[in-house]
Number of protein chains: 2
Amino acid sequence: MPAMPQAAPDAATRARLTAAAIGLFTRKGYAATSVREIVESAGVTKPVLYYHFRSKEGIYLETLREAMEEFRSLLDSFAPCDEPVDAQLRRLCSALHDLFLRRLDLVRLVHSILYGPPQGAPFFDFHAVHEQLVDSIRRLVRIGVERGELGGADEEGMTLAVVGAFNAVSETEMLHPRRGCGRERLNRTLTVVLRGMRAGERP
Amino acid sequence: MPAMPQAAPDAATRARLTAAAIGLFTRKGYAATSVREIVESAGVTKPVLYYHFRSKEGIYLETLREAMEEFRSLLDSFAPCDEPVDAQLRRLCSALHDLFLRRLDLVRLVHSILYGPPQGAPFFDFHAVHEQLVDSIRRLVRIGVERGELGGADEEGMTLAVVGAFNAVSETEMLHPRRGCGRERLNRTLTVVLRGMRAGERP
DNA sequence: GTCTATACATGGATAGAC
DNA sequence: GTCTATCCATGTATAGAC
C-alpha cells in the first residue's frame with residue numbers, strides 16, 4: 001500500500017524551519033534575517049531549507065501566509081448580531097487587541113511593511129487583511145447608523161475614529177510592551193470615541 | 001586671513017550626498033539602500049562619501065537628524081494660546097498633516113522603524129519625536145479640561161483618541177497616496193472625536 | 001578632496017556524494 | 001532527504017595615487 005499520507009515523514013523538519021523563520025522574520029525583519037540564522041536556529045543545514053522551500057522568499061511567504069491565517073479567521077468569524085453596535089465594536093476591538101498582544105512581533109512586521117518602505121521584502125498582500133479589518137468596523141458602523149444607534153451622516157469619519165482609537169492603543173502597546181495594561185486603556189479610549197458617535201447629541 | 005568660514009568649499013558635494021541619501025533611505029529603507037546607489041545618485045564616487053561622512057551609518061544618522069529638524073521645529077513652535085482647545089487641536093493636527101503629506105516618504109520610514117522590527121538600521125531616537133507630538137496633544141487636552149471645555153476625567157483616553165484619529169488619517173494617506181484628499185477627512189474624523197470630548201454630554 | 005582599484009566579509013544558492 | 005563543500009554576487013570599506 002504505497003504513498004499513504006502517513007503524516008508526512010519530514011513534517012517535523014518543516015515545522016522547525018517555519019517556527020524558526022517566523023520568529024526571526026518578525027523580530028528582525030526580512031532583510032536583516034539571513035538563511036544561515038534560520039537554519040542554525042532550526043538545527044538543520046542550508047540545503048534542507050532550499051529543499052523544502054525554494055528560496056528565502058519562499059519560506060518567508062509561506063510562513064507569513066500561515067501566520068496571517070489566525071487574523072483572517074478571527075475577522076471571518078466575526079458576524080454582526082442583534083447586540084447594540086457599540087458593544088459589538090468593543091467586542092471586536094477587544095478580540096483584535098488580545099490577538100495583537102499575543103502576536104506582537106508579527107503585528108510589528110506587518111505594520112512596518114504596510115506603512116513603511118519596501119525594504120527589499122517580497123510582496124505580500126497585507127493590505128487585503130488590513131482592509132478586511134477596516135471593513136469589519138465599517139460594516140458595524142453602517143448597521144449602527146441604519147438602526148439609529150449612531151448619529152451623523154459621516155460613516156467614514158466614525159469608522160476612522162474607531163480604527164484610530166484601536167490603532168493608537170496597539171501602537172502604544174508596540175512602543176511600551178508591558179503586557180496587558182492596554183486592555184483598560186482600549187476601553188477608555190473607545191468610550192471617548194463612541195460617545196462622539198451616539199445619535200441625538202447636539203451638533 | 002586663514003580659515004575663514006568661506007561657506008565651506010565642499011558644501012555642495014555634501015548637500016548632493018545628503019539629498020540623494022535621504023531620498024533613497026526613505027524610499028527603500030536603510031538595509032535595502034546601498035552605498036553604491038547613494039553615490040551614483042549623487043554623481044560622486046564612494047570614497048567621497050566615506051570622506052565626508054564616516055560610514056553608511058554616519059550618513060544615515062546625519063541625514064535623518066537633519067530631516068527630523070523640520071518636525072521638531074514645528075512642534076517646538078506650537079505654543080498653546082487663548083483660542084478654544086478644540087480649534088487649537090484642529091490647527092495642530094492640520095499643520096502636522098500638511099507636513100506629513102509633504103514628507104510622506106520620511107514619515108513612512110519613521111513609522112516602520114518606530115513600530116517595526118529593527119531591520120538592521122542603526123539606532124535613531126524617533127521615539128523622542130513621537131513623544132513630543134503626543135505631549136503637544138496631551139497638553140492641549142489638559143488645558144481643555146482645566147478650562148472646562150472638555151469633559152470627563154480621562155485625559156489619557158482623550159489624548160489617545162485624538163492621536164488615533166490623526167494617525168488613522170495619516171496611515172490612510174500612506175496606503176492610498178492620492179495627494180490632498182485627506183484634509184477634509186482629517187477634519188471630519190476630528191469632528192467625531194471632539195464631539196465625544198466636549199464637556200456637558202450625558203455620560 | 002577626489003579618483004581607480006581592490007580588499008574582505010556576508011549572504012543566497014547549488015553541485016554532487018550518500 | 002540530508003550532508004559537505006563551494007560558487008558567485010553584492011556590499012561595506014580602504015589603500016594609495018593625484
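Heavy-atom basis, side chains included; hydrogens, waters and symmetry copies ignored.
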Give, for atom OG of B:Ser112 and atom CG of A:Leu114, the distance between the pair rounded to the nearest 0.5 Å.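 These two atoms lie 11.5 Å from each other.
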I'd like to know if the side chain of A:Arg90 and the backbone of A:Asn187 have a donor-acceptor N/O pair within less than 3.5 Å.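 The answer is yes, because a donor-acceptor pair under 3.5 Å joins these two groups.
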Any donor-acceptor N/O pair, A:Asp125 side chain to A:Ala128 backbone, under 3.5 Å: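 Answer holds: yes.
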Looking only at side chains, do A:Thr26 and A:Arg108 share a donor and an acceptor under 3.5 Å apart? no
Does A:Ala31 have any side chain to side chain contact (heavy atoms under 4.5 Å, CB included) partners at least two apart in sequence or in another chain, and if so, which? B:Ala31
For [X] and [N], what is the distance between atoms [atom1] and [atom2] respectively, to the nearest whole Å?
{"X": "A:Phe25", "N": "C:dG11", "atom1": "CZ", "atom2": "P", "value": "13 Å"}
{"X": "A:Ile38", "N": "C:dT10", "atom1": "CD1", "atom2": "C1'", "value": "15 Å"}
{"X": "B:Arg36", "N": "C:dT6", "atom1": "CZ", "atom2": "P", "value": "18 Å"}
{"X": "A:Glu37", "N": "C:dG11", "atom1": "CD", "atom2": "P", "value": "7 Å"}

In terms of the angle between their ring planes, are A:Phe124 and A:Phe126 parallel, tilted or perpendicular, with boundaries placed at 30° and 60°?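 Rings of A:Phe124 and A:Phe126: tilted, as their planes differ by 30° to 60°.
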Heavy atom of residues 39-60 of chain A under 4.0 Å from DNA chain C: which residues? A:Lys46, A:Pro47, A:Tyr50, A:Ser55, A:Lys56
